[in-house]
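Below: the structure, in structure tokens.
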Amino acid sequence: MAVADLYTKINLQYSSKLSYVSTRLSYSRRVSLRPLPQPHNSRICCSVTSKEAQAPVFVNTEDPKKKPDCYGVFCLTYDLTAEEETKTWKKLINIAVSGAAGMISNHLLFKLASGEVFGPDQPIALKLLGSERSLQALEGVAMELEDSLFPLLREVSIGIDSYEVFQDADWALLIGAKPRGPGMERADLLDINGQIFAEQGKALNAVASQNVKVIVVGNPCNTNALICLKNAPNIPAKNFHALTRLDENRAKCQLALKAGVFYDKVSNVTIWGNHSTTQVPDFLNAKINGIPVKEVIKDTKWLEEEFTEMVQKRGGVLIKKWGRSSAASTSVSIVDAIRSLVTPTPEGDWFSSGVYTAGNPYGIEEGIVFSMPCRSKGDGDYELVKDVIFDDFLRSRIKKTEAELLAEKRCVAHLTGEGIAVCDLPGDTMLPGEM
Ligand code: LMR
């Protein structure tokens with residue numbers, strides 16, 4: 001495309017006024033660059049539509065090591081108030097995503113940018129965290145975001161320092177984690193990933209919005225979320241979630257299949273406990289067409305055995321088919337998890353999320369991150385659902401997943417500031433993907 005055409009296209013897309021171009025050098029110092037006369041060895045960043053400035057803007061890129069952390073067209077700072085749409089647009093929110101060059105993020109980022117998560121009136125800034133190894137891939141992601149011309153996507157920045165990337169984050173979607181390698185003990189995995197989440201917790205504590213909402217996806221997500229929140233004492237523990245929404249979605253799908261109904265007829269499904277093979281998909285409180293599942297599906301043996309195990313091990317079965325863990329459905333479930341917090345929960349229903357157990361009404365041990373039934377008014381916050389029932393089967397299964405999480409907690413005590421770690425993990429404890 002000719003440069004002049006590119007200007008026209010960008011101008012049409014944004015029809016905005018450039019006040020200044022802001023970028024960062026060496027990932028640390030924010031400086032303002034004014035439109036420069038074209039220097040030797042510069043690259044065209046973008047043009048502007050403005051009565052004052054009609055000339056293209058040039059960003060000096062003489063030192064290739066001094067990369068701006070904002071990306072390409074997103075290095076332009078637009079005057080949002082000059083735009084027609086902003087009459088109905090909300091204030092820009094910052095969304096930080098770790099593991100941003102990975103498969104899950106590759107699905108998720110485009111959903112976030114399209115407006116399907118936070119709504120068509122919510123402009124967003126994406127702050128993408130990668131590793132030194134993935135930095136080039138991260139630039140590829142940013143290029144694809146540029147080329148998608150999403151009107152609501154106002155800023156994209158990329159970086160490898162969580163203290164930089166998490167600056168002013170309103171949401172932190174922590175996806176990046178190391179997978180368990182061959183011969184690696186589960187305790188080693190807890191330690192390696194735990195250190196990442198301890199560091200990210202400290203960074204969030206230092207630089208993010210003090211009301212940031214954090215969704216931990218990287219496994220083992222419950223204990224990673226616990227480590228993260230323990231390292232972020234200035235952020236309410238209630239703001240941290242471990243993603244168990246994919247498990248809820250999987251459970252709904254299997255119940256719908258068995259009952260011969262479409263899955264939108266299934267409600268009130270709770271996943272209790274850990275995102276592992278001890279998780280408890282609750283068929284006692286779940287409903288199909290508003291009727292208790294046990295009245296619709298009379299095959300209790302199927303519910304207790306096949307259904308429960310199918311949900312617990314779905315991730316592992318999927319890995320065998322794909323050769324890698326679920327990415328698309330995980331990203332869909334992250335979208336569901338966020339939407340459940342930013343839109344009011346339908347009357348009488350609830351959703352599952354791994355949240356801090358302090359003050360829970362179910363008698364679950366305090367001080368762990370445990371998946372439980374939640375409701376939200378749509379303000380980003382939630383409350384635990386009180387009117388749930390228990391029977392012996394449900395109680396005994398909840399005890400097992402609780403014991404596993406308590407063992408994981410003892411194993412990461414060195415990362416939560418609770419003393420010396422003792423790893424006595426139950427022998428059969430596994431992530432869904434480890435089957
Ligand atoms: C899943 O549930 O699909 C994943 O958490 C599996 C995994 O271990 O990555």
Side-chain angles (χ1 to χ4, degrees), residues 97-108 111 134 173-194 196-197 214-228 240-255 263 269-282 307-338 351-355 369-371 401 404-405 408 411-412 425-426 428-435:
V97 181
S98 79
M103 292 289 289
I104 297 171
S105 297
N106 202 250
H107 291 275
L108 178 64
K111 292 176 190 297
S134 70
L173 311 177
L174 304 184
I175 297 170
K178 281 222 175 346
R180 183 163 162 180
M184 191 190 282
E185 293 293 327
R186 189 171 163 83
D188 298 337
L189 182 77
L190 277 167
D191 184 53
I192 291 170
N193 280 327
I196 296 172
F197 285 86
V214 184
I215 299 185
V216 177
V217 180
N219 280 320
C221 61
N222 294 57
T223 298
N224 288 342
L226 178 70
I227 293 167
C228 200
F240 290 78
H241 298 257
L243 185 80
T244 54
R245 189 51 172 272
L246 178 56
D247 307 300
E248 178 188 320
N249 291 354
R250 288 168 170 166
K252 280 182 170 161
C253 180
Q254 294 308 318
L255 290 173
Y263 34 70
V269 174
T270 309
I271 299 295
W272 295 94
N274 202 0
H275 176 67
S276 78
T277 53
T278 64
Q279 67 178 267
V280 189
D282 176 351
F307 163 71
T308 301
E309 199 175 316
M310 202 145 33
V311 177
Q312 290 170 332
K313 297 183 175 172
R314 180 81 162 178
V317 173
L318 212 130
I319 287 176
K320 285 206 185 95
K321 304 267 180 212
W322 254 121
R324 59 155 177 80
S325 60
S326 53
S329 56
T330 302
S331 81
V332 169
S333 71
I334 298 170
V335 169
D336 291 341
I338 299 171
F351 58 91
S352 304
S353 190
V355 291
V369 171
F370 200 91
S371 184
T401 195
E404 181 179 81
L405 279 167
E408 288 190 15
C411 196
V412 298
L425 297 169
D428 60 349
T429 184
M430 296 214 192
L431 294 171
E434 290 173 340
M435 297 310 300

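Computed from a predicted structure; not experimentally measured. We count ligands from 1, going down the list as the structure has it; atoms in each ligand are counted the same way.
For ligand 1, the atoms closer than 4.0 angstrom to any heavy atom of Ser325 are 9 (O). Below 4.0 Å from some heavy atom of Ser326 lie the following atoms of ligand 1, by number and element: 1 (C), 3 (O). The atoms of ligand 1 that sit less than 4.0 Å from any heavy atom of His275 are 1 (C), 2 (O), 4 (C), 5 (O).
Here Asn219 has side-chain heavy atoms under 4.0 Å from ligand 1, and that is the only part of it that gets that close. Residue-level proximity to ligand 1 for Arg250 is carried by the side chain, the only part with a heavy atom below 4.0 angstrom.
Where the criterion is an N or O separation shorter than 3.5 Å, residue side chain and backbone included, Asp247 fails it with respect to ligand 1.
If you check the side chains of Glu404 and Ser276, you find a donor sitting under 3.5 Å from an acceptor.
Within the model, atoms CD1 of Ile334 and CZ of Arg245 stand 12.0 Å from one another, a figure rounded to the nearest 0.5 Å. To the nearest 0.5 Å, atoms CG (Leu246) and CD1 (Ile104) are separated by 9.0 Å. Distance CG/Leu405 to CG/Leu226: 9.0 Å, rounded to 0.5 Å. With values rounded to the nearest 0.5 angstrom, Asn193 atom CG is found 11.0 Å from Cys221 atom SG.
For Arg314, the closest heavy-atom approach to ligand 1 does not fall below 4.0 Å.
The only option from Val311, Asp247, Val269 that meets the side-chain contact (heavy atoms from CB on, under 4.5 Å) definition with Lys252 turns out to be Val269.
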